[in-house]
Novice: 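One structure is given below, represented as structure tokens, and several questions about it will come after.
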Amino acid sequence: MATKDTPQEHPTNSTTTRILPRTGARVIVEGLELLGCETLFAYPGGSILDVFDELAKSEKLHLILPRHEQGGAHMADAYARATGKVGCCVVTSGPGATNIVTSLATANMDGVPMVAITGQVSTKMIGNDGFQEADTCGITRSVTKHNFLVRDVNDLPRIMVEAFHIAKTGKPGPVLIDLPKDVQVAKTSVPFPTTFDRAGYKPSYEGHPRMISRLAQLLNTSNRPLFYVGGGVISANATELLAEIVHKANIPVTTTLMGLGAFPESDPLSLRMVGMHGLIAANKALNECDLLVSIGARFDDRVTGKVSEFAPHAKIAHIDIDPSAIGKTMRCDLPVVGDIHAVLSELAPQLREADHTQWVEQCLSWKTEEPYTFTPLSEEGIMPQYVLTVVDQLTKGNAIITTDVGQNQMWSCQFLDHEKPRHFISSGGLGTMGFGLPAAIGAQLGCPGELVVCITGDGGMQMNLQELIVAVEHKLPVKIVILNNTYLGNVRLWQDLFYNKVHSMTVLTRQNRLPNEHVETNGTEPYLPDFVKIAEAYGAEGARVLKKEDVEPVLRKAFSDDKVWVIEFMVEPEADIEPMIPPGHAIKDLIRKFK
């Protein structure tokens with residue numbers, strides 16, 4: 001993954017202008033404003049109140065109060081994914097800081113630029129187990145790109161500039177600033193620096209010319225080349241350049257989950273998503289290619305499966321700005337370390353217009369023979385895949401889609417067409433349930449003119465459901481589509497396949513009652529919970545769909561409305577994600593149908 005920034009791009013104070021003393025809290029607000037923050041997701045608490053006192057005076061920052069710190073940081077994450085800007089959040093010390101650890105880990109795994117500011121007890125109290133003290137830097141060291149504990153207010157202007165620079169350059173990622181109470185009230189006259197120079201942080205932007213030349217030669221001479229595209233292409237804003245190269249060299253493209261939208265799936269050369277639940281054609285192409293070029297992808301286990309049998313006939317080239325990603329999982333015959341946009345710019349003129357007709361036709365044949373399909377389990381029931389085909393027909397690939405994790409995520413990958421970058425927002429590496437709803441809010445705030453649709457399940461929806469009020473409060477017209485199968489569906493599927501159908505703690509209905517518990521239901525099982533009543537309690541529009549013929553009319557009505565909508569589809573409980581390559585297996589072990 002790659003983005004590039006230069007010191008000259010930082011708006012800064014002039015070093016020749018006398019800076020009047022101001023508090024550390026004031027420096028935080030000035031820094032946010034100067035460094036490009038427009039929307040700030042912030043939850044107050046005792047040790048960060050001096051910053052909030054200054055935030056109240058800001059006329060530039062759009063302040064959003066989440067209802068849980070994790071939700072707020074997920075909003076900042078999705079805001080960054082949707083806009084390409086740095087997402088920003090502020091929370092208090094102790095539980096405020098620990099509540100965003102999951103959000104930081106989510107952003108860190110997926111390479112999302114964020115700056116998180118946390119309150120901390122005064123420097124003299126650190127280590128004394130003060131009220132709401134936590135070792136925030138220690139706790140977050142493994143889930144951030146970098147973090148700072150500010151001990152001297154005079155360092156704060158420099159740290160603010162460094163934090164934003166580190167977050168958005170090289171492989172993007174979250175950066176945390178831990179700010180003790182006494183540093184917030186101390187004063188400094190130090191200006192914001194005009195340059196960035198930190199020892200040890202020198203991302204390589206220009207790929208080695210000889211390596212790029214060798215890659216061009218491989219592409220020009222291979223018979224069955226394949227591009228394997230990840231989220232790094234989107235981070236580097238290189239999607240148009242990728243399309244130019246793909247069409248010039250006539251090479252099929254498959255993407256990771258994070259790469260969805262990097263290359264339009266309506267293009268004949270698109271083989272869609274690869275991996276565990278990817279298109280069979282994509283996996284077959286990967287298995288048969290003689291040259292695999294990874295562009296901004298990291299060979300995660302959901303793609304590689306059994307590493308020893310991955311791309312068995314191919315030479316492997318890997319383009320990435322993060323040198324640690326190259327060779328970490330898979331052998332690499334040709335590494336190219338650099339900014340993806342810069343590397344592709346150098347590569348494009350060296351490529352010959354190619355034919356590859358036989359190879360392309362073979363890939364398209366596989367694609368035609370085994371598309372994503374589903375078989376209804378009953379005449380009356382609603383298949384979740386059908387709901388998503390209707391969503392796709394109504395949105396025509398133009399909506400920003402956010403998802404939770406599990407079956408709803410995979411069906412969204414399969415049955416929605418992904419045509420544009422930054423329009424599919426999902427927790428990839430960490431697989432975080434509860435991401436979908438706050439992500440929809442963050443994306444809508446970043447892209448106010450877009451239709452934003454959250455695809456979630458009855459499990460994930462309940463993890464950050466409280467953030468629904470934020471959408472209502474700010475009149476954000478997000479549409480929440482709940483695929484309610486009364487299960488933790490993906491875990492239930494794995495229990496069916498690998499644990500003798502023992503549904504331990506995956507049934508989200510009264511089946512989880514205690515052995516001798518008597519529940520009065522008047523002969524009928526109630527909705528648990530009643531998402532329609534919850535939506536109405538929060539001030540949103542709510543609807544429950546029980547019949548297939550009602551799917552399209554309800555979605556059409558919701559998508560044309562300017563209110564927040566929560567639509568609960570009671571789908572077939574045992575609908576499964578097909579096809580599937582079992583974890584740790586190769587494509588030869590592909591399961592096409594479970595039933």
Side-chain angles (χ1 to χ4, degrees), residues 1-15 19 24 27-41 60-61 73 76-77 79-81 83-90 104 107-108 110-118 137 140-141 143-179 183 188 190-206 231-232 234-238 296 320-325 337-342 446:
M1 296 184 176
T3 55
K4 189 172 183 179
D5 184 32
T6 61
Q8 289 74 22
E9 292 174 349
H10 292 303
T12 58
N13 300 118
S14 169
T15 54
I19 304 297
V27 171
I28 290 291
V29 176
E30 287 181 2
L32 290 170
E33 293 175 345
L34 286 168
L35 296 165
C37 177
E38 297 171 352
T39 300
L40 180 67
F41 304 91
K60 295 181 179 179
L61 297 175
D77 174 330
Y79 177 93
R81 297 187 200 222
T83 64
K85 302 174 183 177
V86 177
C88 301
C89 63
V90 178
L104 293 171
N108 194 54
D110 291 347
V112 180
M114 284 177 58
V115 169
I117 297 168
T118 57
C137 282
T140 63
R141 185 165 290 116
V143 296
T144 54
K145 186 177 178 182
H146 192 69
N147 62 24
F148 299 87
L149 172 60
V150 188
R151 293 183 175 273
D152 185 340
V153 70
N154 293 311
D155 294 333
L156 189 53
R158 170 185 57 80
I159 286 173
M160 286 292 289
V161 170
E162 288 188 4
F164 274 80
H165 184 87
I166 292 170
K168 64 184 178 179
T169 56
K171 177 182 178 180
V175 177
L176 182 139
I177 301 173
D178 199 30
L179 192 63
V183 176
T188 180
V190 174
F192 290 95
T194 58
T195 59
F196 176 91
D197 186 16
R198 185 176 179 87
Y201 186 73
K202 304 289 183 184
S204 298
Y205 288 104
E206 308 301 328
I234 297 173
S235 295
N237 297 313
D320 207 296
I321 197 166
D322 179 9
S324 71
V337 179
D339 173 82
I340 289 171
H341 196 284

Novice: With no hydrogens and no angle check, just 3.5 Å: does a side-chain donor-acceptor pair link Arg198 and His146?
Specialist: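 Note: Arg198 and His146 side chains meet the donor-acceptor criterion.
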Novice: Using every non-hydrogen atom in the two residues, find where Ile340 and Ala236 come nearest and quote the distance to one decimal.
Specialist: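 In terms of heavy atoms, the two residues are closest at CB-CB, 3.9 Å.
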Novice: Does Asp320 come within less than 4.0 Å of Lys171, counting only side-chain N to carboxylate O?
Specialist: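 No salt bridge links Asp320 with Lys171.
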Novice: Any chance you could measure Phe192, atom CZ, to Leu35, atom CG, to the nearest 0.5 Å?
Specialist: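 With rounding to 0.5 Å, CZ (Phe192) is 6.5 Å from CG (Leu35).
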Novice: Testing the basics here: between Cys137 and Asp178, what is the closest heavy-atom pair and its distance to 0.1 Å?
Specialist: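 Closest approach of Cys137 to Asp178, heavy atoms only: SG-CB, 4.0 Å.
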Novice: Parallel, tilted or perpendicular, judged at 30° and 60°: which one describes the rings of Tyr79 and Phe41?
Specialist: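 Ring orientation of Tyr79 relative to Phe41: perpendicular.
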Novice: Given side-chain contact (heavy atoms from CB on, under 4.5 Å), test Leu61 with Cys37 step by step and report yes or no.
Specialist: CA-CA 7 Å; Leu61 297 175; Cys37 177; 3.9 Å; yes
Novice: Once rounded to the nearest 0.5 Å, what's the spacing between atom CG of Leu176 and atom OG1 of Thr118?
Specialist: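 OG1 of Thr118 is found 4.0 Å from CG of Leu176.
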Novice: What I'd like to find out is whether the side chain of Pro113 reaches to under 4.5 Å of the side chain of Phe164, using heavy atoms alone.
Specialist: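 The answer is no; the side chains never approach within 4.5 Å.
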Novice: About how many Å separate CG of Asn147 and CD1 of Ile159, when rounded to the nearest 0.5 Å?
Specialist: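 So the gap between those two atoms works out to 10.5 Å.
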Novice: Any idea which heavy atoms bring Gly24 and Leu156 closest together, and the distance?
Specialist: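 Shortest heavy-atom contact: O-CD2, 3.3 Å.
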Novice: How long is the span from the OG atom in Ser204 to the CG atom in Asp339, to the nearest 0.5 Å?
Specialist: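 CG of Asp339 is found 11.0 Å from OG of Ser204.
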Novice: Do Pro172 and Val112 have side chains that get closer than 4.5 Å, going by heavy atoms?
Specialist: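 No - every pair of side-chain heavy atoms lies 4.5 Å or more apart.
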Novice: Can you name the residues that form a side chain to side chain donor-acceptor pair (under 3.5 Å) with Asp155, not counting sequence neighbours?
Specialist: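 None.
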Novice: Under 3.5 Å, is there a donor-acceptor pair between the side chain of Asn108 and the main chain of Gly173?
Specialist: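 No, because the side chain of Asn108 does not come within donor-acceptor range (under 3.5 Å) of the backbone of Gly173.
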Novice: Quick check for you: to the nearest 0.5 Å, what is the distance between Asp77 atom CG and Met114 atom CE?
Specialist: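 CE of Met114 is found 6.0 Å from CG of Asp77.
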Novice: Quick one: side chain to side chain donor-acceptor pair (under 3.5 Å) partners of Arg158, sequence neighbours excluded?
Specialist: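 With sequence neighbours excluded, Arg158 shows a side chain to side chain donor-acceptor pair (under 3.5 Å) to Glu162, given in chain and number order.
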Novice: Whether the Asp322 and Ser324 side chains hold a donor-acceptor pair (N or O, under 3.5 Å, no angle test) is what I'd like checked.
Specialist: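 There is such a pair (donor and acceptor under 3.5 Å, judged by atom type) between the side chains of Asp322 and Ser324.
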Novice: Apply the test side-chain contact (heavy atoms from CB on, under 4.5 Å) to residues Cys88 and Leu32: give CA-CA distance (whole Å), side-chain angles for both, the deciding distance (0.1 Å), then the verdict.
Specialist: CA-CA 8 Å; Cys88 301; Leu32 290 170; 4.3 Å; yes
Novice: Looking only at non-hydrogen atoms, find the nearest pair between Leu104 and Ala116 and report the distance.
Specialist: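 Looking at all heavy atoms of both residues, the closest pair is CD2-CB, 4.1 Å.
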Novice: Taking side-chain contact (heavy atoms from CB on, under 4.5 Å) as the test, write out the residues that go with Val153, two or more places apart.
Specialist: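 side-chain contact (heavy atoms from CB on, under 4.5 Å) list for Val153, sorted by chain: Val183, Ala186, Thr188.
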Novice: Going by the rule side-chain contact (heavy atoms from CB on, under 4.5 Å), which residues pair with Ala163 if we only count those two or more places apart in sequence or in a different chain?
Specialist: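 Residues passing side-chain contact (heavy atoms from CB on, under 4.5 Å) with Ala163: Val115, Phe148, Val175, Ile177.
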Novice: What closest approach, in Å, do Ile166 and Tyr201 show between heavy atoms, and which atom pair accounts for it?
Specialist: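 In terms of heavy atoms, the two residues are closest at O-OH, 3.5 Å.
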Novice: The criterion is side chain to side chain donor-acceptor pair (under 3.5 Å); which residues satisfy it with Lys85, sequence neighbours excluded?
Specialist: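 Expected list: Glu38.
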Novice: At their closest point, which heavy atom of Pro157 faces which heavy atom of Pro191, and how far apart are they?
Specialist: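 Closest pair (atom of Pro157, atom of Pro191, distance): CB-O, 3.4 Å.
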Novice: Applying side chain to side chain donor-acceptor pair (under 3.5 Å), can you list everything that pairs with Thr144, at least two apart in sequence or on another chain?
Specialist: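 Partners of Thr144 by the side chain to side chain donor-acceptor pair (under 3.5 Å) criterion come out as none, since no residue qualifies.
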Novice: So, taking the atom named CE in Met160 and the one named CG in Leu179, what distance separates them when rounded to the nearest 0.5 Å?
Specialist: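 Rounded to the nearest 0.5 Å, the CE-CG separation comes to 9.5 Å.
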